[in-house]
Amino acid sequence: MHKVILDTDPGVDDAMAIAYALAHPDIELLALTTVFGNINIDYATRNAQYILETLGAQSVAVAKGAAVPGVQSPLPHADFVHGADGLGNVYPGSQPGSAATQTAPLTATARHASLEPLDAADFIIAAARAEPQQITLVAVGPLTNIAEALRREPELPSLVAGLVIMGGTVSEPGNVSPVAEANFLNDPHAADALFAADWPATVVGLDVTHRIMLGDSHLKSLQDHARNTGDLIWSSSRFYVDFYTRSGAAKEASEQGAEPQCAMHDAAAVAYVVMPDAFTVASGAARVIPDGLAVGQLALDRKGYAYSLPHWQNRPATHVCMSVDAERVRQDFLSIIIDHHIR
Ligand code: RIB
Ligand code: CA
């Protein structure tokens, strides 16, 4: 059984990852810790609680995290990908013109059960101290919370079972710039700080998540066979699939006649927890470029040369996924949700 804390900026593909983790018989989802990214922190937090309630998992803890990155100025939220509400504009009352999109962001407590009293970083530290080497942190948003937890508790890497990160890209083009992926670009300093620490850390980046596409036929099978869970995934993915098909990673496939589709992204990080052998990795010192033209780029030392530059010395190896058995991951995602969803 893998005990998981999912750090998330829900987010349409985050919702898919939450559904997969909740349904998976080999995962005990302990908590969601929320972070800015796809949407502002208030919407991310209320979306996290709404997703859990809709999926029948109200007992899963939610701890609210960072509203902005640790160093750089905040970037605009990806509402053109995830909708103005962060959930494909299906959050109750968020349809264009409805009150929810015209008032100030609803705080999570305004609509849902109370949040954990600890913030995301302290919640992660307390959980890791309470169950040493038992909990896997799965980070599928900007890494601000994880970096803050590491700053507050430098022993955190030795207190967790592992750290799995959806983010970055090595050979695959970026999705926010030619070299940068969204989660790393949203807080490059946090990502770079994490890779200086000696975790068991694995990066599940665009090199593999752009290989695992979900077509409307796959998503429709969830709506047809996974009740509330499938309904939420199908309805919240309409806006997201349209973006991917018109201008994202599915544009070329669409122009060649493929069905509308989207990238799985976050659920692939959950898949790595339960089936790491579906992936191959490259390992070496990892840096994330903090500013300039290549800001947010993941730079990986794949050869282990004895570089003289200090930027590359005395850094532990980070594992970065470079290939994946996409069909195996996709089928596990679909079958687990269809066979084991709560409601
Ligand atoms: O680049 C994809 C990542 O950025 C995913 O985690 C998506 O939810 C966004 O946060
Ligand atoms: Ca995300």
Side-chain angles (χ1 to χ4, degrees), residues 4-21 32-41 43-45 47-48 51 62 65-69 74-83 85-88 120 137-146 163-188 190-191 202-214 233 236-237 239-241 243-244 247-250 261-273 288 295-298 320-321 324 333:
V4 167
I5 292 176
L6 187 67
D7 190 73
T8 176
D9 59 335
V12 171
D13 61 315
D14 302 69
M16 296 176 190
I18 295 166
Y20 184 32
L32 300 182
T33 53
T34 59
V35 64
F36 75 94
N38 289 322
I39 197 69
N40 66 67
I41 186 60
Y43 275 33
T45 306
N47 289 349
I51 292 164
V62 177
V68 293
L75 298 175
H77 301 302
D79 54 11
F80 57 96
V81 181
H82 295 266
D85 65 349
L87 274 187
L137 301 180
V138 181
V140 298
L143 293 161
T144 314
N145 291 337
I146 314 297
L163 170 62
V164 181
I165 296 168
M166 192 280 132
T169 193
V170 174
S171 304
E172 174 76 5
N175 57 4
V176 191
S177 86
V179 295
E181 174 279 330
N183 288 336
F184 282 20
L185 183 67
N186 263 312
D187 196 339
T202 302
V203 172
V204 182
L206 302 185
D207 298 288
V208 294
T209 68
H210 274 180
R211 305 283 84 76
I212 313 168
M213 303 300 279
L214 294 170
I233 291 175
S236 65
S237 62
F239 187 93
Y240 183 76
V241 165
F243 165 78
Y244 268 86
S247 53
Q261 55 192 267
C262 62
M264 177 187 272
H265 290 315
D266 294 343
V270 176
Y272 183 83
V273 174
V288 179
V295 59
Q297 181 174 13
L298 169 61
V320 179
C321 294
V324 61
F333 169 77

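Order of listing sets the numbers, starting from 1, for every ligand and every atom in it.
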- With a cut-off of 4.0 Å, which atoms of ligand 1 are near a heavy atom of Asn38? 7 (C), 8 (O), 9 (C), 10 (O)

- Give the numbers and elements of all ligand 1 atoms closer than 4.0 Å to a heavy atom of Asp14. 8 (O)

- Among the N/O/S atoms of Asp9, the Ca ion (ligand 2) lies closest to OD1

- Item | Ligand-residue contact atoms, ligand 1 with Asp13, heavy atoms, under 4.0 Å | 5 (C), 6 (O), 7 (C), 8 (O)

- Note on the structure: Within the 4.0 Å heavy-atom cut-off, what Val12 brings close to ligand 1 is neither

- Considering just N/O/S atoms, say which atom of Asp266 is closest to the Ca ion (ligand 2). OD2

- Atoms of ligand 1 close to Met166 [distance to a heavy atom under 4.0 angstrom, numbered from 1]: 2 (C), 3 (C), 5 (C), 6 (O)

- Are any non-hydrogen side-chain atoms of Leu214 and Phe333 less than 4.5 angstrom apart? yes

- Any idea which part of Val176 is under 4.0 Å from ligand 1, heavy-atom wise: side chain, backbone, both or neither? neither

- Note on the structure: So the atoms of ligand 1 within less than 4.0 Å of a heavy atom of Val140 turn out to be 6 (O), 10 (O)

- Message: Taking the ring centre of each residue, are Phe239 and His82 less than 6.0 Å apart?
- Response: no

- Item | Thr144 versus Asp187, side-chain donor and acceptor atoms under 3.5 Å | yes

- Counting from 1, what ligand 1 atoms have a heavy atom of Ala182 closer than 4.0 Å? 1 (O), 4 (O)

- Modelled atom types, side-chain donor and acceptor of Asp85 and Asn47, under 3.5 Å: no

- Task: Check the side chains of His265 and Asp13 for a donor-acceptor pair under 3.5 angstrom, ignoring hydrogens and angles.
- Result: no

- Return yes if some donor-acceptor pair links the side-chain N/O of Asp207 with the main-chain N/O of Val170 below 3.5 Å, else return no. yes

- Item | Residue selection (non-hydrogen contact nearest atom 3 (C) of ligand 1) among His82, Glu181, His77 | Glu181

- Message: At under 4.0 Å between heavy atoms, is it the side chain or the backbone of Thr209 that contacts ligand 1, or both, or neither?
- Response: neither

- Query: ligand 1 and His265, any nitrogen or oxygen pair closer than 3.5 angstrom?
  - Reply: no

- Query: Any idea which protein heavy atom is nearest atom 6 (O) of ligand 1, and the distance to it?
  - Reply: Asp266 OD1, 2.5 Å

